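Counting from 1, the numbers follow the sequence of the chain as shown. The model shown is predicted, which means the values in this text are computed figures rather than measured ones.
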Amino acid sequence: AGRSHHTLLEFIVDKFSSRAVSLDPHRAIYMAELGRQQRMLGQVNKAIDTYREAGDLDPSCEEVVLGQVFCQLDAGQIEDAESQLDFLSAIGDTMSTNVLPCLCLLRAMLSWRLKPRDVHGHISALNDADRAHFQSKPQVIADITQVLDSYARLDPDFIMGLARQYLEHLALIKSSFQMSSDDDYEDNEIIDSDSLTAVRRGCEILERIGLKIPGMLCARLLVVDAKLCTGDTDGAQRYLEATCGAEQCATAQLLLARIWLAKAQPMAAASAIERSIACDFRIRENPIFILVKAQLICRIDGNHTEAIDLLSTAIRKPGVREEEFGNTYIRVTDRASIFIALAKSQANCKCFEEAQSTLAEAHERFRDESIVITRLLLASAELAVAQNDLESALRLLDQVDTEESSFLDAQKLKAQLCLKYIRDKQQYTQVYQNLVNQNPQDFSHHERLGDALMRIQAPEAAVNAYESAHELAPRGAQKKTKLAAKVGKALLATHDYGRATDSYIQALQSNSGEIELRRDLANLFAKLRNPDAAIQVLTYTLSPAATVQHDQDEDNIIQLAASSSLDQLIADVQTLLLLADILLSTENASESPIDPMMTLQRALILQRIILDKVRQTHSSADVSEQRKFMASICKRCARLAKKRGDYEFALDNFQAALQHDAIDAPGQVELA
């Protein structure tokens with residue numbers, strides 16, 4: 001039932017479990033099952049009473065003992081649960097093997113709820129529970145024949161609980177949702193590789209259970225939430241539309257709103273929020289819904305006063321100020337996000353005392369949560385900046401320890417303060433130089449130093465930083481190629497075209513198929529008025545479907561493109577458009593062996609194929625984006641045809657452009 005309140009209450013509890021207990025009130029196992037279902041409904045106190053009665057009937061019943069510990073953890077009775085688990089571990093040899101996965105899961109839940117959290121103990125216990133459950137039931141996972149029996153042995157509710165515990169580690173991963181709302185200076189890097197592995201395992205389990213039991217929408221929604229929180233907004237949107245597209249579900253629409261918000265598209269997010277209300281009015285009581293709505297009001301209307309009212313309501317909701325488990329559980333990072341968003345809105349309304357009070361309360365409530373405490377320090381620093389108290393801001397940022405996960409964010413904010421407010425370029429770059437000095441073997445610190453130097457227009461020094469980063473980067477990594485491109489761009493900024501050319505050529509010798517590098521090198525050759533070299537560099541990367549030949553018709557091109565991936569086709573189109581620009585920029589374009597118009601038409605055919613592929617596998621937003629790009633190619637063909645005097649062909653292409661982007665005002669003017 002996926003813990004559906006209606007299904008559990010109206011059918012299973014009332015019609016089956018309660019009836020079974022009434023027919024045989026002396027069977028502890030029946031009463032334990034009733035207690036389990038009451039706990040699923042969030043009726044923890046009722047479940048505790050039921051388990052107590054069951055324990056009086058049979059103190060040795062394993063289901064009763066385990067159920068009591070689950071309830072103690074849900075009720076926040078951590079010490080009682082810990083002592084009970086110690087007792088169960090001591091007598092573990094006398095218990096049946098069927099309860100081993102539950103024992104491991106309980107140990108994991110306890111590890112997470114201890115203060116401070118035992119992160120590695122949590123992962124270890126979860127892995128034990130994972131192995132104990134799935135290895136003991138390989139035949140269930142591999143081949144489901146007896147449906148009801150297999151579902152019971154698979155125990156989807158246990159698997160969901162296991163996956164949810166794995167996904168608790170989303171709190172240790174920088175979230176795109178947090179980044180879009182709170183931490184605009186973050187670059188969405190992963191904090192903890194073990195936590196990332198745990199999250200991935202949780203997603204694998206959820207995707208598996210989603211395939212076995214398609215009706216468990218909650219499993220699919222959790223996968224979407226995980227993808228969103230790890231910064232994969234496109235993946236989250238694709239998975240949501242592919243697996244939950246037909247579902248009229250308020251939670252799915254709320255997730256979609258968060259995705260749009262992370263993509264900086266507030267109007268689309270606002271539409272999703274309205275649809276979520278239409279699906280279920282009760283979603284308005286969800287603190288995360290209130291947080292998203294408040295952020296949208298700030299983004300769209302700039303109405304921070306209304307946002308303050310909304311967020312003040314959210315803070316009073318169950319599970320926000322005080323951590324609660326069960327059905328009102330809210331991830332600690334989301335709880336902190338509500339406090340931070342409220343403080344920001346208060347600061348924007350110049351209510352600085354109220355903002356300080358909000359953050360002070362958050363610091364007190366989350367003082368044992370290292371996961372969010374540094375985010376609160378950063379928010380306090382931003383508040384000090386808003387009050388023009390730069391000294392306090394810098395002092396707060398210096399409090400972030402080098403071992404903290406948000407230390408890098410603190411340094412980035414400190415650098416921004418130095419550049420934007422103190423206007424000291426030397427102090428700005430020194431922040432990044434200090435990062436390099438602390439860990440000179442970390443290539444990413446050298447890269448950040450190079451980026452900072454480029455930002456203050458010091459390309460000569462940036463070249464050295466990028467070259468150091470390139471040398472330290474792992475061999476074969478995609479990052480190494482990007483760093484080579486940055487070295488080339490920095491050399492271009494110094495007008496050292498010879499070294500820039502050598503840098504690109506050297507990088508291409510080890511990464512001959514790297515399209516981005518080839519485009520940069522082609523642009524460089526074009527600047528140096530060497531179009532032949534630029535054309536040669538670009539044509540090398542084209543797939544057979546994109547190679548411009550006079551004797552190929554559209555059907556032949558489509559057949560060749562069938563074996564190309566979507567990414568390859570997109571790269572081909574971008575390369576063809578750059579090739580057309582270079583051909584048109586040459587003084588004797590008419591004498592070139594490649595016709596610019598034929599190049600643009602080939603790009604148009606490939607873009608049509610891309611559009612068909614995107615329609616099948618991607619979101620409506622992706623389709624709209626590709627249609628606009630198609631319209632831009634049509635307009636380029638039309639302009640070139642008009643320049644050549646072929647007005648009929650130009651008219652056809654302008655009309656085609658408007659079919660793909662009807663609201664394109666410049667295109668309408670050109671057509672007229």
Side-chain angles (χ1 to χ4, degrees), residues 175 177-186 261 264 266 287-288 290-317 320-322 330 332-401 404 406-407 409-424 427-428 431:
S175 158
F177 177 46
Q178 294 166 17
M179 181 178 65
S180 66
S181 58
D182 306 327
D183 308 310
D184 295 331
Y185 44 83
E186 290 184 10
L261 193 58
I288 305 303
I290 298 171
L291 172 61
V292 173
K293 188 172 181 181
Q295 289 170 337
L296 286 172
I297 289 170
C298 294
R299 291 277 186 96
I300 297 171
D301 303 324
N303 190 342
H304 291 282
T305 303
E306 187 178 349
I308 289 171
D309 293 337
L310 283 169
L311 292 165
S312 298
T313 303
I315 277 180
R316 293 192 293 271
K317 295 292 181 184
V320 177
R321 274 198 163 103
E322 299 290 342
I330 303 170
V332 65
T333 46
D334 291 336
R335 292 167 57 209
S337 291
I338 294 171
F339 279 91
I340 293 171
L342 176 58
K344 284 195 171 186
S345 289
Q346 289 168 332
N348 280 312
C349 291
K350 307 300 180 186
C351 302
F352 296 120
E353 288 187 9
E354 290 87 340
Q356 286 174 339
S357 176
T358 299
L359 289 176
E361 181 186 351
H363 275 284
E364 176 62 26
R365 293 191 179 279
F366 302 116
R367 63 182 181 275
D368 296 324
E369 299 287 359
S370 60
I371 294 168
V372 298
I373 199 68
T374 46
R375 281 183 61 208
L376 293 172
L377 276 174
L378 297 179
S380 298
E382 288 183 330
L383 178 59
V385 171
Q387 296 174 277
N388 294 318
D389 187 358
L390 298 181
E391 279 190 30
S392 295
L394 291 171
R395 191 166 55 251
L396 283 165
L397 293 172
D398 287 336
Q399 288 179 27
V400 182
D401 190 81
E404 292 287 348
S406 292
F407 173 72
D409 293 329
Q411 295 306 300
K412 288 177 187 174
L413 181 55
K414 185 178 178 180
Q416 280 192 4
L417 296 183
C418 295
L419 185 63
K420 187 175 179 181
Y421 296 98
I422 303 174
R423 300 184 185 282
D424 187 333
Q427 196 173 347
Y428 167 70
V431 172

*Euclidean distance, L413 CG relative to L377 CG, rounded to 0.5 Å*: 11.0 Å
*Should L342 and I315 count as side-chain neighbours, where that means a heavy-atom distance under 4.5 Å?*
yes
*V320 and side-chain contact (heavy atoms from CB on, under 4.5 Å): which partner among I330, L311, I288?*
I330
_pair I422-Y428: side-chain heavy atoms closer than 4.5 Å_ = no
_Closest heavy-atom pair and its distance - A384, A393_ = CB-N, 3.8 Å
*Side chains of L397 and L378: closer than 4.5 Å at any heavy-atom pair?*
yes
*Does S357 reach the main-chain N or O of E353 with its side chain, forming a donor-acceptor pair under 3.5 Å?*
no
*Could you tell me which non-hydrogen atom of C298 sits nearest to which non-hydrogen atom of S345, and how far apart they are?*
SG-OG, 3.6 Å
*Would you indicate whether the side-chain heavy atoms of T358 and E361 approach each other to under 4.5 Å?*
no
_Can you give me the closest heavy-atom contact between R316 and S312, atom names plus distance?_
NH1-O, 3.3 Å
*After noting the C-alpha distance and the side-chain angles of R299 and L261, does the key distance pass the side-chain contact (heavy atoms from CB on, under 4.5 Å) rule?*
CA-CA 9 Å; R299 291 277 186 96; L261 193 58; 3.9 Å; yes
_Nearest 0.5 Å, please: how far is CD in Q387 from NZ in K350?_
9.5 Å
*asked:* How close do L383 and L359 get, counting heavy atoms only, and between which atoms?
replied: CD2-CD1, 3.9 Å
*Can you check whether E306 reaches D301 side chain to side chain, under 4.5 Å on heavy atoms?*
no
_Donor-acceptor contact below 3.5 Å, side chain R335 vs main chain R321_ = yes
_How close do L417 and L394 get, counting heavy atoms only, and between which atoms?_
CD1-CD2, 4.0 Å
*asked:* Give me the atom names and distance for the closest heavy-atom approach of I290 to L310.
replied: CG2-O, 3.1 Å
*Apply the test side-chain contact (heavy atoms from CB on, under 4.5 Å) to residues R365 and E322: give CA-CA distance (whole Å), side-chain angles for both, the deciding distance (0.1 Å), then the verdict.*
CA-CA 8 Å; R365 293 191 179 279; E322 299 290 342; 2.7 Å; yes
*With R367, which residues qualify under side-chain contact (heavy atoms from CB on, under 4.5 Å), at least two apart?*
E364
_Between V431 and K412, is there a side-chain heavy-atom distance shorter than 4.5 Å?_
no
*Do C349 and T305 come within less than 4.5 Å of each other through their side chains, counting heavy atoms only?*
yes
*asked:* Side chains of S380 and H363, heavy atoms from C-beta outward: is any pair under 4.5 Å?
replied: yes
